[in-house]
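Notes follow the structure.
We count ligands from 1, going down the list as the structure has it; atoms in each ligand are counted the same way. Everything numeric in this text was worked out from a predicted model, so none of it was measured.
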Amino acid sequence: MSVKKCLFPVAGLGTRFLPVTKEIAKEMLPLVNRPIISYGVEEAIASGCEEIIMITGRAKRSIENYFDRSFELEDLLEKRGKKELHDMIIAISNLAEILYIRQREPLGLGHAVLCGEPVCKGEYFGVILPDDVFIHHEPVLSQLIKVHERLGGSVVALEQVEVENVSRYGIVAGKETEPGIFRIDDMIEKPALSDAPSNYAIMGRYVLSPNVFEILHKQGTGAGGEIQLTDALRTLAKSEPVWGVVYKGRRFDCGTQKGWLSANVQLALENPELRNVVLEAVNGR
Ligand code: G1P
């Protein structure tokens, strides 16, 4: 029953972070000393996944290069006796087995997930939206996998958001069957406040049933003219369980300048070597 594959939709153009994303993949922006994408990949591995599937696009070659070997650099570091750095960059390329599938057109998150069908069909799989970075004791994907292993079915991560923000997320409705766990029976992608069935929003972690592919094949466009994953999960919930889990941890939306900046400050404050750098900079010393 465990989840061994994890899909990362990374084809998005990062328009919320222009102009820097004109030339740099948003997933490659640094969070302290590692790119944003690395946090998601490390979370998937810590949650027991063995295969990473990146659904990528034409401007994202730097992600492939980051996780690949870099013989020239390895050679140089070795010759200069920089063993620690040498071992560190080799460890990055050994992190996981990573496959890349091109999403040729930006048709939405549901379409990105459908691009993963050739690799994920027939088994439950994880999805990580790498913009959503979590600081946690237990990886959020692992929290979801545990619920899947106990109750079966698909699972999404939930967070209660301010009502004025419901139109930015997929919003769910359902029955709380045990503290923090909902059996979802309805969900709407980016609803107007007046249409929102609750203020529980889906955050970027999922465990999905392979039956979602058949639904996505037949599904038309939804909010924003895109093929929405939320619409497919709404259909799925009519025939098999879809659980919502209020995750434990703190989330940063690193697809926005504010969220990214906030995550950098928070991660630096938690790093003993950097904590004072932040405090001194803020206090003007
Ligand atoms: C996507 C999903 C949405 C979810 C959100 C979480 O939206 O479509 O349901 O609430 O991620 O970050 P996006 O942020 O890609 O517009």
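Heavy-atom distances between Arg168 and ligand 1 stay at or above 4.0 Å for every pair. Under the 4.0 angstrom criterion for non-hydrogen atoms, Ile202 is in contact with ligand 1.
The minimum heavy-atom distance between Leu95 and Phe67, with the atom names listed, is CD1-CE2, 4.0 Å. Ile188 and Pro197 get closest at one heavy-atom pair: CD1-CD, 4.0 Å. Listed here is the closest heavy atom pair of Pro139 and Ser47: CB-OG, 3.5 Å.
When non-hydrogen atoms are compared, ligand 1 lies under 4.0 Å from the side chain of Asp132 (C-beta onward) but not from its backbone. Only side-chain heavy atoms of Leu129 come within less than 4.0 Å of ligand 1; its backbone N, CA, C and O stay farther off.
Legend: residues meeting ring pair (Phe, Tyr, Trp, His ring centres under 6.0 Å) with Tyr66, ordered by chain and number and at least two apart, are absent.
Considering backbone and side-chain N/O of Tyr206, none are found under 3.5 Å from N/O of ligand 1.
Side chains of Ile227 and Leu114 form no contact here, defined as non-hydrogen atoms less than 4.5 Å apart.
With respect to atom 13 (P) of ligand 1, the closest heavy atom belonging to the protein is Lys190 NZ, 3.6 Å. Scanning the protein heavy atoms around atom 8 (O) of ligand 1, the nearest turns out to be Glu189 OE2, 2.8 Å.
Set against the non-hydrogen atoms of Thr230, the atoms of ligand 1 under 4.0 Å away are 9 (O). With ligand atoms numbered from 1 in the order given, ligand 1 contributes 2 (C), 8 (O) to contacts under 4.0 Å with heavy atoms of Leu109. The Tyr169 neighbourhood of ligand 1 comprises atoms 10 (O), with distances under 4.0 Å to a heavy atom of that residue.
Ring geometry for Phe17 versus Trp260: interplanar angle over 60°, hence perpendicular rather than tilted (30 to 60°). Aromatic ring orientation, Tyr200 versus Phe182: tilted (interplanar angle from 30° to 60°).
In this structure, atom 15 (O) of ligand 1 is not in close contact with the protein, since no protein heavy atom lies within 4.0 Å of it.
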TODO: Take Ser209 and Glu240, measure what side chain to side chain donor-acceptor pair (under 3.5 Å) needs, and give me the verdict at the end.
DONE: CA-CA 9 Å; Ser209 158; Glu240 47 183 86; 2.8 Å; yes
